[in-house]
Every structure is written in structure tokens, then in C-alpha cells.
Protein chains: 2
Amino acid sequence: MRLSHAIQDYLKTIYALGVEGRPVSTTAIARRLGIAPASVTGMLQRMASMSPPLIHYRKRRGVTLTEEGERIALETLRHHRLLETYLVVNLGYSWDAVHEEACRLEHVISEDFERRIAEALGNPERDPHGDPIPTPDLTMPQSDSCPLASLQPPQRAVVRRVCNEEPPFLRHIARLGLKPGVRLEVLERSAFDHNLRLRLEGHEDELILGPAVTERIYVEVIS
Amino acid sequence: MRLSHAIQDYLKTIYALGVEGRPVSTTAIARRLGIAPASVTGMLQRMASMSPPLIHYRKRRGVTLTEEGERIALETLRHHRLLETYLVVNLGYSWDAVHEEACRLEHVISEDFERRIAEALGNPERDPHGDPIPTPDLTMPQSDSCPLASLQPPQRAVVRRVCNEEPPFLRHIARLGLKPGVRLEVLERSAFDHNLRLRLEGHEDELILGPAVTERIYVEVIS
DNA sequence: ATCTTAATTTAGGATATACTAAATACGTGT
DNA sequence: ACACGTATTTAGTATATCCTAAATTAAGAT
């Protein structure tokens with residue numbers, strides 16, 4: 001049975017908000033999707049009473065995904081991230097412009113289309129922002145990156161992932177040269193504002209970044 | 001203002017059925033879209049009363065497109081045919097598999113996406129079936145092809161266009177080698193069933209085709 | 001234990017897009 | 001001019017997805 005775009009978006013959202021199986025609240029979903037909480041309640045009730053059910057719903061306790069719900073969330077996420085990658089690699093989009101386009105395309109492409117772009121890209125494991133792409137059998141590649149914000153001088157690390165889809169943020173990051181794959185060294189962490197001073201590999205000048213940035217950038221520490 | 005997929009489909013259909021400005025009937029639209037005539041009436045009324053109106057609607061007389069309606073029909077058709085071309089040329093689809101995929105994608109791609117695939121393809125004027133692709137300023141390329149069915153021996157012609165999207169039909173045509181660009185010579189036209197006997201350039205054996213096929217294949221006569 | 005506030009759900013509507021059944025208009029042949 | 005069959009429209013419903021306003025529940029503070 002073909003599910004609606006709206007439902008696919010709900011599932012993606014619940015997947016994204018539900019770290020380690022903890023239930024996701026109505027309000028959190030509403031905020032993320034930009035719709036009224038009351039509308040979310042209605043939809044959650046419907047999704048819980050479908051067969052098979054897409055979510056476990058406990059009144060006023062929040063929701064978690066069923067196996068079926070997670071399957072569809074991952075399917076949609078795979079579409080999204082493969083599309084983002086394809087748009088950048090094969091159609092010359094800049095990385096800040098792909099999210100919106102992929103959000104619309106992800107709901108309508110066929111499994112055939114998915115397979116073809118995956119193959120054209122060489123079955124990538126990461127999209128241009130470094131987000132892991134669910135594999136064809138819908139398991140999410142794991143990685144042990146941590147927020148840049150958690151590093152201490154003089155640790156060195158590689159940028160792995162930028163966790164914010166907003167175009168202005170992404171343009172800012174790109175201008176600084178912080179794209180996935182870039183190596184960096186933390187020079188100083190200031191006490192109260194938690195700013196980080198760091199140097200990027202191959203760059204002369206230093207950067208100072210606040211937590212609003214460093215918490216969104218995930219890195220892998222170089223031992 | 002962004003129009004719904006449904007409305008875009010109605011406009012495409014009215015465009016396709018409305019040869020030389022003649023009004024299109026409710027029933028014809030319903031048949032083509034596979035929905036009930038009553039549903040079409042409702043939608044046509046809505047489309048006629050939008051601002052700007054998308055169609056001229058005269059009760060029980062049928063509808064024609066307004067300038068705005070035609071603009072959107074052509075825009076959608078441009079999307080559709082560029083997508084079909086892109087799927088065949090850049091993603092290796094066979095020509096009988098692209099219609100369905102393009103029907104879903106055409107409603108969600110951005111103008112930016114349109115521009116990029118057009119450029120990647122070298123701004124083609126025809127899709128894989130030979131259908132003309134509206135230009136970026138939304139004029140439809142004209143051509144003077146005619147149905148293969150209208151030829152008489154010993155006329156010679158080039159296949160230009162196959163006017164039927166059904167995958168089995170397209171597979172049949174491809175198996176015969178009748179793709180756009182192929183030259184052929186009409187050897188005989190039989191009197192009552194209007195079968196055509198013909199030979200394709202570069203093929204040894206002859207073909208005999210009935211009107212169900214020859215009326216769907218458009219050719220340009222070689223003088 | 002109660003009060004207050006924030007989160008959530010219920011109730012009642014709106015819109016877009018379909019449906020079926022019934023009513024109406026049109027065009028053709030007599 | 002009329003009657004019949006076909007095309008079309010109207011009327012009344014259904015579903016999906018959103019909304020706002022009001023009611024309810026839960027959780028933390030006094």
C-alpha cells in the first residue's frame with residue numbers, strides 16, 4: 001500500500017527526533033513540521049490504527065516507530081539522501097540548495113529510480129552533508145563521530161557531518177571551509193562562552209566558532 | 001501561486017485533447033483521466049473561477065485553456081518530456097518505462113531542476129518518443145509530420161514520433177525497429193484493412209502493419 | 001493538597017478531490 | 001414538434017489533511 005507524502009514526512013520526523021527509542025512528543029513533531037499540535041494528534045491516532053500500525057501511540061506519552069514505520073522512514077530517508085547526493089554530484093547543485101528539492105522528490109521516485117541513481121553514484125554511504133545513507137536493505141550505517149563542541153585542545157579531528165539543513169548555515173560553513181573530510185586542530189576552548197579556536201588543515205588563519213556552530217558539526221577524532 | 005498536481009493534470013489533458021482551439025468535453029477529460037464525469041465538472045468549475053482563470057468554461061459546451069492555463073500546461077509538458085529524455089539518456093531507462101516515472105516527477109521539480117537537466121541534455125527539442133518539448137519560453141516546436149497510415153506506396157519517410165505511451169505498445173514498436181529517426185519505404189497498401197507493407201532501412205525482411213499501429217506513428221515524407 | 005502552567009486531546013470546521021445517484025439539457029431521427 | 005438516448009450538471013457523501021478554540025491532563029511549585 002502506497003502511503004501519503006504527509007505520512008512519510010511524519011515518519012521521517014519521528015525517526016529523526018526519536019534518539020535511542022525514546023518516545024517523541026506531539027509538540028516536538030508539530031514544531032518540526034510547522035503544523036499545529038492538534039493536527040499532529042489526529043494524524044498520530046490515524047497512523048497508530050492503520051494495519052499494520054506505523055507507530056506505537058500512548059496518549060500523552062508520545063510515539064515510537066513500529067518496525068513497519070521505521071522501514072518506511074528509512075526508505076524515505078534513503079531516497080532523500082541519495083537524491084541530495086545525486087543533485088550535487090550529477091547536476092551541479094550546491095550543497096545548500098538540495099534539501100528542499102530532495103524533500104519534494106523523495107516521495108515520488110520509484111524503487112527503480114532509487115536503484116539507478118545509487119548505482120550512478122557508486123552506492124555512496126554518505127550524502128554531501130556527511131549524513132549516512134541507509135543501505136539498500138535499510139540499515140543505517142553507524143559511525144562514531146561526536147560534536148566538534150565536545151573537543152578539547154589540542155585534539156585533532158576530521159569533519160564528518162554537518163547537522164543543519166538551513167541554506168544560510170550551510171553557506172556559512174562552506175565559506176569557512178568546514179566541509180566533510182577537512183582536518184582540523186583545536187587550539188583553544190574558552191571557558192564561559194565555549195567558543196573554540198581552531199585551525200583547518202591547509203589554511204593559514206584561525207577560526208573562532210561559537211557553540212551554535214560547533215554543536216552542529218560532527219567530527220571524528222584523530223588518535 | 002503553486003497549483004496542485006491534479007490541476008496540472010487536468011490542464012495537460014485539456015491541452016492534449018484540444019486540437020486547434022476546439023473546446024474539450026467533460027466526458028473526454030473524464031475518460032482520459034480515468035475519473036467520473038461528475039468529478040470533472042466540479043473541478044472545471046473551480047478552475048474557471050480561479051484568478052486568474054485557467055480555463056474558459058461554458059456549461060455543456062466544454063472548455064478551452066486561457067493563456068494562463070496553457071502556460072501551465074506547457075510548463076508541465078516541458079517538465080514531463082525533459083524528464084523522459086533525461087531518464088533515458090542519463091539514467092539508462094528504456095523508452096517504455098519513462099512515462100509513469102515522469103508523470104510523478106513532473107509536478108515536483110523546480111525551475112532550477114528543469115534548467116539543469118535541459119542543459120545536461122543540450123536543450124533537446126524532442127523526447128525519446130519524438131514528442132516535441134516546449135521551449136524554455138513555452139512555445140511548442142512545430143513539425144509537419146503525418147500519420148504513417150496516410151502514406152501511399154512507393155513513398156519514403158522518416159519516423160518522427162510514436163504517439164502512444166503504453167509500455168506494451170512501445171516495446172512492440174521497438175522490437176520492430178520503428179524508433180524515431182529510422183527511414184522506411186512503403187511497398188504496398190492493402191485495400192480494405194488498410195494494412196501497410198513496408199521495409200525499414202537496413203532491414204532485410206518486410207513488415208506488415210495494421211492501422212492500429214500506423215495511425216500512431218508519425219513520419220516525415222522524404223521528397 | 002492545591003494551584004498554575006504547559007502539553008495534549010477533543011470538537012467542530014475548512015479545503016481539495018474524489019465518488020454515486022438523480023436531475024436536466026441537447027441533438028437526432030421521426 | 002417530440003421523444004429518446006447521451007452528455008452533463010447538481011446534490012449529497014467520503015477521505016485526507018490541515019485549522020482554531022475549548023477542554024482536559026500531567027507535572028512542578030507553594
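Quick note on labels: first sequence line is chain A, next is B, and so on, each numbered from 1.
For the residue pair B:Glu111/B:His79, the side-chain donor-acceptor check at 3.5 Å is satisfied. In summary, the side chains of A:His80 and A:His99 do present a donor paired with an acceptor at a separation below 3.5 Å, with no hydrogens or angles considered. Side chains of B:Thr85 and B:Arg126: no donor on one and acceptor on the other come within 3.5 Å. Side-chain contact of A:Ser110 with B:Glu101: a donor-acceptor pair under 3.5 Å is present, judged by distance alone. Side-chain atoms of B:Glu166 and B:His172 include no donor-acceptor pair closer than 3.5 Å. Inspection of the B:Arg189 and B:His194 side chains reveals an N or O donor paired with an N or O acceptor under 3.5 Å.
Under the side chain to side chain contact (heavy atoms under 4.5 Å, CB included) test applied with B:Pro211, the options B:Leu148, B:Asp193, B:Asn195 reduce to a single match, B:Asn195. With A:Met47 as the partner, the side chain to side chain contact (heavy atoms under 4.5 Å, CB included) test is satisfied by one option alone out of A:Ile55, A:Leu3, A:Val63: A:Ile55.
The interatomic distance linking B:Leu44 (CG) with D:dT10 (P) rounds to 11 Å, in whole Å. Atoms CZ (B:Arg2) and P (C:dT15) sit 22 Å apart, rounded to a whole Å. Distance, B:Gln45 CD to C:dA16 C1': 15 Å, rounded to whole Å. Regarding B:Ile35, its CD1 atom lies at a distance of 12 Å from the C1' atom of C:dA16, rounded to whole Å. The nearest whole Å value for the distance from the CE atom in B:Met43 to the C1' atom in D:dT10 is 18 Å. If you measure from atom CZ of A:Arg58 to atom P of C:dT9, you get 12 Å, rounded to the nearest angstrom. With rounding to whole Å, B:Met47 atom CE is found 19 Å from C:dT15 atom P. Regarding A:Met50, its CE atom lies at a distance of 14 Å from the P atom of D:dT15, rounded to whole Å.
Side-chain N/O atoms of A:Thr41 include none lying less than 4.0 angstrom from OP1 or OP2 on C:dT10. Of the side-chain N and O atoms in B:Ser39, one or more sit less than 4.0 angstrom from OP1 or OP2 of C:dC19.
Annotation: proximity of residues 59-75 of chain A to DNA chain C (heavy atom, distance under 4.0 Å) is found for A:Lys59, A:Arg60, numbered in ascending order. Using a 4.0 Å cut-off on heavy atoms, the residues of residues 3-12 of chain B that approach DNA chain C are B:Ser4, B:Ala6, B:Tyr10, listed by number.
Each of B:Thr26 and A:Pro37 lies near DNA chain D, and the nucleotide nearest B:Thr26 is the one positioned closer to the 5' end.
The A:Ala36 side chain lies nearest to D:dT20 when the options are D:dT10, D:dT20, C:dA18.
With sequence neighbours excluded, the residues that form a ring pair (Phe, Tyr, Trp, His ring centres under 6.0 Å) with A:His5 are A:His107.
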